[in-house]
Amino acid sequence: MMEALLNKALRGSEQAEIYRLRQQTDQIHFENGRLKEMESKMQSGLSLRIIKDGCLGFAYTKNLLSPDDLVQQAQDSLQGQVEAPFDLPSDPPPLSLQTFDPFLFKVSNAKLVEEGRRICDFLKARVQAQVNVSLHRQNQEIELVNNRGLHQHLINSSYFVNASLLFPGSQAGIEQHHSAKGFSEFPEETLLSILSLFQQSLKELRPQPGRMKVMFFPETLYALIWRIQAAANGKNIYEKTSPLLDKKEALLFDSQITLYDDPLNDAQPQARGFDDEGIPCRRIAIIDRGVLKNFYYDLFYAGKLKKEPSGQGFKSALWGGETVAIKPRPALEYLYLQPGEHSLAELIRSIDRGILVAGVLGAHSGNILNGDFSIGLTPAIYVEKGEILGRVKEAMAAGNIYEVLKKVAALEDTAHPTYGGTFPALLLEDVNVAW
Amino acid sequence: MPFKNLESILANVRAEYADLRYEIKKEVLIVFSGRELTQISSSTTDGYVLRVLKNGGFATVVFTEEKDGQTALAKAEENARLIGRFTGEPVHLASTEVIQDSFSPILNEDPRTIDLEEKLHLTRSYNQRPLQKEKIVTTQIQYLELVREKFFINTEGTRLREDLITTRLGGTITSQEGSLTQTVRVGMGGSSGFALLRNQQALFDEKTALALELLQATPVTGGSYSVILNPNLAGVFTHEAFGHFSEADLIEDSPSMLEKLQLGAEIGDPGLSILDDPTRPDQLGFYKYDDEGVACRPVPLITNGILSGRLHSRRTAARFGEPLTGHAVAEDHRYGPIIRMGTIFIKPGQSDFNRLLDQLGNGLYLIDSLGGQTSGENFTFGAEYGYEVQNGRLGKMIRDINISGNLYQTLRNIKGIGNDLELSQLGGCGKGQTNIRSCHGGPHILVKDVVIGGR
């Protein structure tokens with residue numbers, strides 16, 4: 001089918017590429033300890049890119065109801081004369097990674113429901129609070145072919161579980177996340193750490209706001225790192241809107257900050273050997289000991305800037321866009337922040353006065369490119385003399401990453417997988433907090 | 001084709017209730033990044049959403065290919081049985097009229113009849129306006145046309161066809177001076193046709209000027225302030241801070257929220273009334289039937305400070321024992337419906353803007369939204385810019401404004417309501433799925449004591 005479509009597409013163009021995606025997912029959601037929703041999906045789709053006279057044509061579909069229509073739509077889009085400053089790649093297949101667990105979908109939904117109930121019951125037996133648990137599993141197959149001989153193929157499987165305890169009257173709470181390539185039980189020690197933090201921060205406080213030490217938990221660090229991602233994005237370099245334009249090799253942050261992208265780490269789910277344009281992936285440092293090392297590109301912006309594509313062109317979108325409908329764009333999908341040397345407990349004990357950020361709201365607001373942030377904290381957990389005293393409602397933290405990340409007190413000694421990357425907790429010396 | 005094929009998929013269902021929605025989605029997208037056209041495409045996708053109620057469990061299966069229909073059915077039945085067994089509270093659906101109807105909105109220029117070339121030309125012409133100015137470094141301007149052709153059947157006999165047609169043109173304008181950049185949102189759109197997008201040069205010029213002016217504005221100092229919100233921001237506030245808690249599915253399993261949000265509870269200042277009305281024609285949020293085949297209707301949510309209504313799906317209406325409202329809406333053929341606001345707004349009051357300024361005395365006047373988010377009773381949203389107000393007079397321009405607060409306190413702190421009303425043309429709400437037709441608005445409002453996070 002792919003070959004026939006490719007040949008059809010080549011009738012009116014010089015180069016053609018087909019990206020095909022099949023996904024199978026199950027989602028199970030418990031709210032307030034009760035099984036509430038189950039949603040299963042069996043979806044597929046494909047997108048077609050063609051290049052003719054240096055211009056790019058694009059179309060996509062779900063059911064390939066009519067191959068002729070799809071090719072026609074791609075050809076129609078050539079009239080816009082979107083520049084194609086690149087040739088499609090002809091790279092050989094990359095290293096093969098261990099991304100697939102054939103047993104993930106052998107587990108019955110009944111078994112997943114049982115696991116969800118186990119987590120709910122474990123937490124409910126120890127605390128009186130709203131318990132929410134979500135389980136999610138997915139098998140994903142990606143096939144990418146082009147007329148220059150490229151043929152990349154992968155199947156990956158992923159299993160994510162999120163468990164949270166909510167404070168009374170709010171959606172704010174303490175949450176933790178468990179992920180793997182296959183089914184495995186949510187670790188009890190993680191559940192116990194949710195419980196302990198929850199219980200210590202139950203009391204509502206109203207201390208004096210102002211500048212203080214602020215620790216971002218791994219699940220909340222995306223709010224800061226998002227600003228670095230935006231500034232190092234090849235698109236914003238090309239458009240000259242990034243404040244980092246001429247800052248390569250400059251010391252931007254505290255030397256404890258090392259941030260890199262590593263799609264090849266197949267110890268974690270959804271590792272990738274090639275990006276959504278077929279370019280082999282590799283580990284790339286963005287920040288090394290505080291120094292800006294690299295920007296990142298897809299084919300389009302690498303071509304525009306006459307750089308090598310870095311294998312970071314992904315069809316990814318915020319807010320769950322339709323993958324096949326999205327053009328590849330520069331994206332850091334596999335971020336790692338290097339851990340430090342102290343345990344979380346040690347870090348907390350080192351805080352004379354400060355807050356722990358266990359959840360954030362509104363990370364998408366504010367001037368992201370400038371590095372500004374102004375976020376709601378859900379919750380802010382208050383610490384004095386190394387002891388957690390309680391939590392503050394309706395708190396906000398604000399600042400600029402190019403200021404606050406210059407003064408890092410310490411990083412936790414373990415990195416945890418989160419939705420935004422694999423991060424340790426990060427303790428900052430001096431951040432402005434309001435309530 | 002569709003109804004017959006849909007009926008054959010549902011023919012073998014063994015359940016108390018089932019429905020099946022098939023959608024064809026046509027999307028035209030034209031994207032400019034600065035001077036560069038980076039995407040132009042018109043594409044068609046389709047897919048199915050099946051829901052089955054069996055043994056008190058209600059399950060959803062989404063599938064792309066028709067041949068997977070029977071597999072989907074078996075999976076939905078299995079999942080429904082599992083939910084029924086463990087949920088603790090069997091699902092019932094509120095009964096609704098069986099409807100057979102086909103509805104297509106009346107448009108002022110159907111975008112489907114306009115050439116791609118003309119759409120490209122119009123988008124390019126707007127995009128060029130800001131880029132002529134020095135210090136405007138880039139833009140992100142896109143034309144989006146989204147047509148959902150929906151076919152819905154259920155085992156009760158409802159057969160519905162409705163088209164939802166959304167067009168919008170807009171994005172952001174970015175200015176720069178030294179290492180400082182400022183980004184301003186611009187755009188227009190709606191459900192009423194392509195004509196709305198024409199002759200909007202003045203809007204683009206006005207927003208360009210604003211992006212330049214913001215380079216000189218002062219970052220706001222964090223702290224607690226009394227503020228006037230303009231209609232756009234009042235709308236975002238209404239949506240984020242209150243609207244989400246009128247969605248029954250968001251609060252149904254939160255005992256503490258349910259306790260505070262009983263119908264009849266005094267929840268706001270007596271001057272405050274809030275309505276959700278998807279039936280208002282020509283608004284972004286307009287539709288006739290929701291994605292459960294229920295005709296939508298206006299819902300008074302707060303009437304003179306008293307909680308007076310809630311937004312429901314068939315499931316939650318039955319669970320709460322409250323009337324159906326027709327607010328179960330899906331993003332597209334990839335999702336089952338969830339409860340969404342349609343067109344939500346604060347009812348206008350008596351005060352003109354100058355009276356609100358006098359009433360405010362000292363504080364801030366905040367204008368236009370940069371998006372928001374809710375978590376339980378806490379909310380956060382950004383304002384694009386604003387002005388300091390001293391003794392009822394507008395002072396210097398401010399920026400970098402994020403507001404956060406508590407739902408209950410803030411509703412009581414709305415102490416002034418303007419006599420104007422403006423509804424948004426660009427919606428967008430990301431409650432798990434995106435709803436580009438989420439429409440909100442209101443008059444100018446005065447709110448006491450909100451927390452502003454500064455730099």
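First the proteins, then the strands, lettered A, B, ... as listed; each starts at 1.
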Region of [X] that comes under 4.5 Å of a non-hydrogen atom in chain B:
X	result
A:Leu65	side chain
A:Phe30	neither
A:Arg49	neither
A:Ala363	backbone
A:Gln130	side chain
A:Thr241	both
A:Met42	both

Salt bridge present between [X] and [Y] (N-O < 4.0 angstrom):
X	Y	value
B:Lys75	A:Asp26	yes
A:Lys62	A:Glu322	yes
A:Arg206	A:Glu204	no
B:Asp368	B:Arg185	no
A:Asp298	A:Lys315	no
B:Glu331	B:Arg334	yes
A:Lys235	A:Glu239	yes

Face-on cation placement of A:Lys393 at A:Phe167 ring, 6.0 Å and 45° thresholds: no
Geometric cation-pi criterion, A:Lys41 with B:Phe63: 6.0 Å, 45°: no
I need the residue from [options] with the largest number of non-hydrogen atom pairs under 4.5 Å to chain A.
options	result
B:Glu27, B:Glu78, B:Arg124	B:Glu27
B:Ser43, B:Ser369, B:Gly382	B:Ser43
B:Thr138, B:Val137, B:Leu82	B:Leu82
B:Val91, B:Thr181, B:Asn406, B:Leu370	B:Thr181
B:Asp68, B:Leu37, B:Leu29	B:Leu37
B:Thr45, B:Asp332, B:Asp253	B:Asp253

Whether A:Tyr301 and A:Tyr238 hold their rings parallel, tilted or perpendicular, with breakpoints at 30° and 60°: tilted
Aromatic ring pairing A:Phe58/A:Tyr60, orientation class (parallel under 30°, perpendicular over 60°, tilted between): tilted
At a heavy-atom separation under 4.5 Å, does [X] approach chain A through its side chain, its backbone, both, or neither?
X	result
B:Glu240	neither
B:Ile83	both
B:Ser224	neither
B:Glu384	neither
B:Glu252	side chain
B:Ala80	neither
B:Leu258	neither
B:Ser33	both
B:Gln176	side chain

Would you mind telling me which of [options] has the largest number of heavy-atom pairs within less than 4.5 Å of chain B?
options	answer
A:Gln27, A:Gln24, A:Lys240, A:Lys304	A:Lys304
A:Gln79, A:Gln43, A:Gln81	A:Gln43
A:Thr61, A:Val82, A:Asn32, A:Asn63	A:Asn63

Other residues, nucleotides, ligands: >12 heavy atoms within 6.0 Å of B:Glu259 CD: no
Residue pair B:Asn79 / A:Asn109, side-chain donor-acceptor N/O under 3.5 Å: yes
A:Asn236 side chain vs A:Ala230 backbone, donor-acceptor pair below 3.5 Å: yes
Inter-residue atom distance B:Asp46.CG - B:Glu65.CD, 0.5 Å rounding: 9.5 Å
